[in-house]
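Heads up: the structure comes next, in structure tokens.
FYI, side chains are in, hydrogens and waters are out, and symmetry mates aren't considered; it's all heavy atoms of this structure.
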There are 2 protein chains.
Amino acid sequence: MSGHRATIQDVARQSGVSVATVSRALRGKANVAEETRAKVVTVADRLGYQPHTAASWLASGKTMTVGVAAPYFDVWYTGRVLAGVERVLSDAGYDLTVYAAETAEQRDRFAARSASLQTRVDGMLLVDFSPEESQLARLLESRITLVAIGEHVDSVNSLAIDNVTAAIESVRHLLALGHRRIGLLGTQDIHLIESPALTARQAGYSAALRDAGIDPDPALDIDCELSVEGGAEGFDRLLDLPGHPTAMFCLSDETAMGAMGRARALGVSVPNDVSIIGFDGHDLSESFGLTTMCQPARRIGEEAAELLLASIAEPTTPVAHHTVPVDLIVRESTGPPAH
Amino acid sequence: MSGHRATIQDVARQSGVSVATVSRALRGKANVAEETRAKVVTVADRLGYQPHTAASWLASGKTMTVGVAAPYFDVWYTGRVLAGVERVLSDAGYDLTVYAAETAEQRDRFAARSASLQTRVDGMLLVDFSPEESQLARLLESRITLVAIGEHVDSVNSLAIDNVTAAIESVRHLLALGHRRIGLLGTQDIHLIESPALTARQAGYSAALRDAGIDPDPALDIDCELSVEGGAEGFDRLLDLPGHPTAMFCLSDETAMGAMGRARALGVSVPNDVSIIGFDGHDLSESFGLTTMCQPARRIGEEAAELLLASIAEPTTPVAHHTVPVDLIVRESTGPPAH
DNA sequence: CTGAAAGCGCTTACAG
DNA sequence: CTGAAAGCGCTTACAG
């Protein structure tokens, strides 16, 4: 009414019952006379009453909030996962609080807050965030319900693709076309933050080559940023190499499309002069004619959120690691090497 | 220690002071003996004490959390804005809670929660979310500190580009090249949720045409989705038209790139057969050689967050509307019509 | 500089 | 089915 928030006291007073009854009535608990409930609801509506968030949290111990720690909210993969997570959570009545966790410092700060996060969220999603031992220890100690996305973390529920196998399959596609010198683009975060997902893809790349009797050439490992710009820059670096590769395996589609854009600008023909393969299944990969290893990012977000909700509801469920299938989509950006 | 969270009581007991002093010491308030503070900090560290989130909120009235309501977290623009917002907020010690607000129903649900949001966040960012009258009323009534991004909302601080002028400039570029039949792609959300930003761009499109003595042809207004897929579909629809346009103004870069991808697949030459211009300045627009109206999405997010923090700190500041400049970048996707 | 006390606004056994 | 009361864990005037 008159400018200030209505409290449960106001509702109680105006409906002539106790605050305990108001609480029960409004939260749909049993043991409230239908008549009483109707009266309380009417008054609450009229006053525009909604419970004080912090007061409910404090009294009930539940926050109806889930946190998600992820790197780079402006990257396609993260955005997709986030959209999936958000849909499932909001359907279930949960709010979503986001935490940037790309740099080592951010991750540390995040883990250091574990104790207070425990009282801030009911559960936490970790996207491409493989905590260091000390970070994991804090997180586990705080007993926050956790689900890891994109990486298998010991003693934590997780949902991820098999990056090694996916990378092997990608590189084998290039090998089968006849390529022998295959570059690797986008390994910067392997060195910067030891991203396990990327490290696994790198391992798959090496394994596939070795399996074909080829020794991975360190000179072909380009540690450019995993981004459009990084891909463009990496493409240049790879082209400058004496005896440049005839194919490039890019660790993300954004990197791959950056490389293709650079090729277009330079008049380098894809795939005739150089084949390019990406990783993600980005919306735009089809428009680019990009061959890519498709992962269902949005679905991953949804499933992870469902897993988290289930494990919030049933905290004793044993830890499980789920693997999500991927799918190689061959398009025009890959072909046999020239001559 | 022994499995359970340490409370301020534990710290008080073990450091031999009152909880009031612990609170002051840990929150860096003045009027605490340096010696006392040191002791308290030591004990708190040893116990891994961190304040209970809800208890602080309830007692202090501050949540150190900001909310952002935005449509489509997996769209480039939203992701960029979000990344900018996140950076500024986390630097300032604020958390970020996200609310999806794309459908009319989501927006309604969101506005209906105003009273509880007031106790959940210290301020709120509204991205491309021009509330209906009743929604705005609730929001204002709840006295949440608001900043609108992308659209000017009456009686709310805002930060936006000038969509009308930007669209006029885009279309004039095509007119100057000699185009007379210019299609418009991506107007679906104008009809679905009356997106004011898109409506403004549409208005600019019409104004530029009329100004050149051309009557906008409703048949050239394609209400496809503002997305890669939508662009591809819209491209087909436009091409199927008898006497199809020689140029297409796409309301987002994703739409434009979807259209370009379709052109590539069909063997339609851009810009020789048809010119395409986008809107956004998407990372990949350069790789595509796409002419586009560039808006500094990340910067917009950062500035809006700064604005919000300032107005949380100084709630009495008068309402202001800020306009952010845009920049037309001409690339290869636009050229003179073939005739 | 420090402590005792009130208060923030709910939820939840516990009685009845 | 309902109410009185304790308790959730802090912060913040108010005294001293």
Among D:dC10, D:dT12, C:dG9, which nucleotide has an atom closest to any side-chain atom of B:S60? D:dT12
Euclidean distance, atom CH2 of residue B:W57 to atom C1' of D:dC10 [Å, nearest integer]: 14 Å
Hey, which sits more toward the 5' end of DNA chain C by its nearest nucleotide, B:L58 or B:E34? B:E34
Using side-chain heavy atoms (C-beta onward) and a distance below 4.5 Å, is B:T65 in contact with B:W57? yes
Can you check whether B:R27 has a side-chain N or O nearer than 4.0 Å to OP1 or OP2 of D:dT12? yes
Is the closest basic N to carboxylate O distance between B:R299 and B:E302 below 4.0 Å? yes
For DNA chain C, list all stems, counting runs of three or more consecutive pairs where every pair is Watson-Crick or G-U wobble with both distances under 3.5 Å. C:1-3 with D:14-16, C:5-12 with D:5-12, C:14-16 with D:1-3
When you compare the protein's N or O atoms with those of nucleotides 2-6 of chain D, which come within less than 3.5 Å of each other, and at what distance?
from  : atom 1 : to    : atom 2 : distance (Å)
D:dT2 : OP1    : A:T36 : OG1    : 2.5
D:dT2 : OP2    : A:A33 : N      : 3.0
D:dT2 : OP2    : A:T36 : OG1    : 3.4
D:dG3 : OP2    : A:S18 : N      : 3.0
D:dG3 : OP2    : A:S18 : OG     : 3.1
D:dG3 : OP2    : A:T21 : OG1    : 2.8
D:dG3 : N7     : A:R24 : NH2    : 3.2
D:dG3 : O6     : A:R24 : NH2    : 2.5

Length of the NZ-P vector between A:K29 and D:dC1, whole Å: 15 Å
Matching residue for B:L126 among B:L146, B:V153, B:V68 - test: side chain to side chain contact (heavy atoms under 4.5 Å, CB included): B:L146
Atom-to-atom span, CD of A:Q50 to P of C:dT11 - whole angstrom: 13 Å
For the pair B:E141 and B:R138, find out whether any cationic side-chain nitrogen is under 4.0 Å from an anionic carboxylate oxygen. no
Show your reasoning for whether side chain to side chain contact (heavy atoms under 4.5 Å, CB included) applies to B:L309 and B:L89. CA-CA 8 Å; B:L309 293 180; B:L89 291 181; 3.8 Å; yes
Backbone N/O of A:A38 and side chain of A:T42: donor-acceptor pair under 3.5 Å: yes
C:dC10 C1' sits how many Å from B:R120 CZ, rounded? 16 Å
Roughly, in whole Å, what's the span from CZ in B:R13 to P in D:dG9? 12 Å
Rounded off to whole Å, could you give me the CE-to-P distance for the A:M64 and C:dT11 pair? 13 Å
Any side-chain heavy atom of B:F129 within less than 4.5 Å of one from B:M124? no
Rounded off to whole Å, could you give me the CD-to-P distance for the A:Q118 and D:dC10 pair? 11 Å
Return the value, rounded to whole Å, for the distance between atom NZ of B:K62 and atom C1' of C:dC8. 14 Å
What I want to find out is whether B:E35 reaches B:K39 closely enough, with some N-O distance under 4.0 Å, to be called a salt bridge. no
Please say whether more than 12 non-hydrogen atoms of neighbouring residues, nucleotides or ligands are located less than 6.0 Å from CG in A:D91. yes
Can you check whether A:S23 has a side-chain N or O nearer than 4.0 Å to OP1 or OP2 of C:dT11? yes
